[in-house]
Structures are given as C-alpha cells and as structure tokens.
Undergrad: 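Following this message is one structure expressed as structure tokens.
So you know, we letter chains A, B, ... as the sequences are listed, proteins then strands, and number each from 1. Because only heavy atoms are used, hydrogens play no part in the values below, and waters and symmetry mates are left out as well, while side chains stay in.
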Amino acid sequence: MSTSGQPQFRYTQTPSKVLHLRNLPWECIEEELVELCKPFGKIVNTKCNVGANRNQAFVEFADLNQAISMVSYYASSSEPAQVRGKTVYIQYSNRHEIVNNKSPGDVPGNVLLVTIEGVEAGDVSIDVIHLVFSAFGFVHKIATFEKAAGFQALIQFTDAETAASARNALDGRRHVGSCHLRISYSAHTDLNIKFQSHRSRDYTNPYLPVNPTAIEGIMQPTVGPDGKKKEPESNVLLASIENMQYAVTVDVLHTVFSAFGTVQKIAIFEKNGGTQALVQYPDVTTAAVAKESLEGHCIYDGGYCKLHLSYSRHTDLNVKAFSDKSRDYTIPETGYVVPQATRAPSAPTVWTNPRSAQMFPGSDYATAAVQAQVPQGQVPAWDPTGQVSRSTFASVPSTFPGQTFSPTSPAYATAVIPPGSSSIALTGPVSPLQANMRPGDASPPGQPPFYG
DNA sequence: AGCACA
C-alpha cells in the first residue's frame, strides 16, 4: 500500500498541523521557532536542528487551522518569515505529527554532554577539551568521566546559545585532532565541581582546592608485601553482589553495613551485568573493618547475594538523596542522620557536601547527574514500594501483615556486631539479617526502633 | 533550500 510516486510540491501538499521549516540559521533553537510561530496558534511540539545541516525544523500546532493560517499568511506576505534576519521557508510537513521529539539530549541547555569516541580516558587532557570548547565562549566548568559509552565530558557554558554554537560546530562526523565527538545536551544547568583535578575544572573559581581526586591520576598503585597490587584504602567501599537471587535494596545494604558504623551514603548501580554498590562511611577505619568483616559473606543464607568488597577511589559520593537506587543519610531533612549509639565515629565530615557533583564509576553518570538536580529531600515519584518515605517507616510493620519482625525486636541488637568480631557470619545459623529480612521482600528490612 | 528518528 505504498503511496510512492510523485514528489510532492508546495502547491499540492495536503495541509498538516506540522510545518516543515528550512533555511534556518544554525543557531536556531526551539525558543526562536516558538517566537516565529506562536502568533498563529498554540504550538504543541517542535523539533529543531533537523537534517544534515541542522538547519531545518518542524513545528506542530494544536490545530490544523493554525498551521494553515501561518502558511497562508506567509504565502501572501510581502515580508518572508525570518529567524535572525534569515528567510525561513515554510511548508506543510508530509507527516501529521512530530514523533520522538524530545530525546533527552535534544533539549537545549547551557551544558553539553560530549562523548569522545575512540580514546582512552587518559588520552585527552581536560586542557585540550577546554581549549577546543573555549573557541565558542567562556567555558565555566568541565567534568569528565568514563562510562560504557566511552570517555565523556560535561561542558558548561554561560547560556544555551553558546552551547548550541559549540555543538553545531563540533558535533557529528567532525574530527578534532583524531577524536570523534558526539555532542548532546545535558540536563544540567550548573555543574558542581568540588575540586580542580585531572578530571574536573571550575574556571569560575580559581580558589577551588586541588584535592585528593587530583592525586589519584598520578598515584601509583601501592604494592603490598606480597607483591600484589594493593588498592589504596578509602572510606568508600565498592561492593559487588554476586549470585543476586534476591533483591538487594538500599535499605538492605544500609542494615548490613550499619553494623560497623554510620553509613553516610549508598548508591546501587549496574555494571557489566552485575550489581554493585558504593557504601560510604565517615572514615577509612570504619570502612576497613566493614570490608574485612563482610568480604565473601552473603547477605542471605544459601550463598545468595555474596559480597565482594574493595575500596573505591572515591571519598565522597553525591547521590540522589532519596531514590530506589541511592540514599544520602547525611541530609538532615530526610531524618536519616542516625548516630549509631556508641559506634558512631566522631570524625568530622568535612568532605560531606550533599550538593557536590555526583561521580561514581560504572554508573550512568549522565543519568545520575541529572538525578542530582532533584531538589534535596524530594521523594521521587517512582516509589514502587512506598516504603522509603520517612513517614512510612513507623508503619512498616503493619504494612506487611504476616511479617514477623517487630520494630522493637531484639533482633536488631544482633545486627550490631562489634567491629572485627569473628561472629559476623551472615551465612551462619544466626545470621543477623535473617532475623530482620526475608529474601525476596522488596520491602526494606525494617528500620531500627529509633525511627518509630 | 525540499521532511526527522530510533
């Protein structure tokens, strides 16, 4: 049922709510399209930067008559439609709706997400990136990171126009040096750069400290007495969860790792088809104890959810305060700063900056970073269990009839095991976790009584 | 200057 055949010409095209605009200036952004078209009706969708030259666009009106009025107007007008002084040619699109308009990277903004293909992270210095992108305007900040897609950088300009000009000039099949750049927009408006380092810069703040992360790139891997590579210690543990037959939630991890001290932040993510988590303690000592105690142990009996722990290179996670995959227990508004009684290390949490940029390896940084923009304390709409809201903790037991745990159960006491104690055998007959949680429960294992 | 995209 093909309708192929004659190419359609202007005069024979059937009207459509969707207009096709061409000969647009490269810099043309959605706002300019709207300015041009909105006198004729309500615009329900747009798509700009279309075509090989990115100089075409589509505009969809709410009503067919509005599109007709615009085409009619300019058909008889002595002044052509213009964007920034450039004549724009308008005709009915041969489609009747704009599809797939808003892929996230197409929403213009002042921050670009740049993927540099075919290079190792170490091959491109941040200074080169800065140089290249400075050609289009003042570069405020740069954050680089690695993910599966390759080496990426977030580049913050003053405004969307500047960012667009850089994108238009560099995106696509162009090569800068030998690098292949793919550029889209980030949802960020303001990157939060904590340190000047080999992977991030804030050019608006020359006094920003150069910090440990900067040293990481230089630091040689330390070698232990056995000659094996020994990872530097950290207050953040990287946990790989093996044989994950049961859901491992933030709350489950919080319960497990809180046995050794205050857990500040947790982030769960997927890597290489497996599940990993970053768990942040206030200090290295606590992390070390937790690491030694939990390494190789299983969260659930029967070899399920076996933990493998290493030190993360990170010292401060910035996680979305409250999501199904992450939690920041240091944000006061969430009511999560729970001193672990006698166990709480008193180390000052000077590095704890809830608003700092989020970076953790192996995760989808772009996604995570977007999440970081969610206002603190905001409970995401996505909350399948309804359990993670602070206000519901008190009612957790009643929410799960048939679940036998009680918030005042002494079982909690057994969850707090002296650091270094050899009795930490999660797979043992009296696994502290068994008393608290049921494998397969999507619900948190319950919170200590102080929530009630 | 002539119709997107995943």
Undergrad: Would you mind reading off the distance between L24(A) atom CG and dC3(B) atom P, rounded to a whole angstrom?
TA: 13 Å

Undergrad: Without decimals, in angstroms, what is the distance between N94(A) CG and dC5(B) P?
TA: 14 Å

Undergrad: With heavy atoms under 4.0 Å as the rule, sort E60(A) into base, sugar-phosphate or nothing.
TA: nothing

Undergrad: Hey, is the side chain of R22(A) poking within less than 4.0 Å of OP1 or OP2 on dC3(B), counting only N and O atoms?
TA: no

Undergrad: Give the rounded distance in Å between these two atoms: NE2 of H20(A) and C1' of dA4(B).
TA: 8 Å

Undergrad: Which residues pass the ring-ring contact (aromatic ring centres under 6.0 Å, His included) test with Y304(A), not counting sequence neighbours?
TA: Y246(A)

Undergrad: Output the rounded distance in Å from CG (N55(A)) to P (dC3(B)).
TA: 11 Å

Undergrad: Tell me if the aromatic rings of F40(A) and Y73(A) count as close, with their centers under 6.0 Å from one another.
TA: yes

Undergrad: What is the distance, to the nearest angstrom, from the NZ atom on K47(A) to the C1' atom on dA6(B)?
TA: 10 Å

Undergrad: Applying the 5.5 Å / 30° rule, does Y89(A) stack onto the base of dG2(B)?
TA: no

Undergrad: Is there a donor-acceptor contact under 3.5 Å from the side chain of Q276(A) to the main chain of K271(A)?
TA: no

Undergrad: In whole angstrom, give the distance that lies between atom NZ of K17(A) and atom P of dA4(B).
TA: 19 Å

Undergrad: Which of the following nucleotides, dC3(B), dC5(B), dG2(B), is nearest to the side chain of Q13(A)?
TA: dC3(B)

Undergrad: Starting at the 5' end of DNA chain B and moving along, which residue's nearest nucleotide shows up first, G51(A) or K86(A)?
TA: K86(A)

Undergrad: Below 3.5 Å, does any donor atom in the side chain of Q56(A) face an acceptor in the base of dG2(B), or the other way round?
TA: no

Undergrad: Does one side chain, of Q280(A) or D316(A), offer a donor that lies under 3.5 Å from an acceptor on the other?
TA: yes

Undergrad: Can you tell me the distance, in whole Å, between the CG atom of N23(A) and the C1' atom of dG2(B)?
TA: 11 Å

Undergrad: By the salt bridge (charged side-chain N to carboxylate O under 4.0 Å, His left out) test, which pairs, at least two apart or in different chains, include something from residues 85-98 of chain A?
TA: none

Undergrad: What is the distance, rounded to the nearest whole Å, between atom NE2 of H96(A) and atom P of dA4(B)?
TA: 16 Å

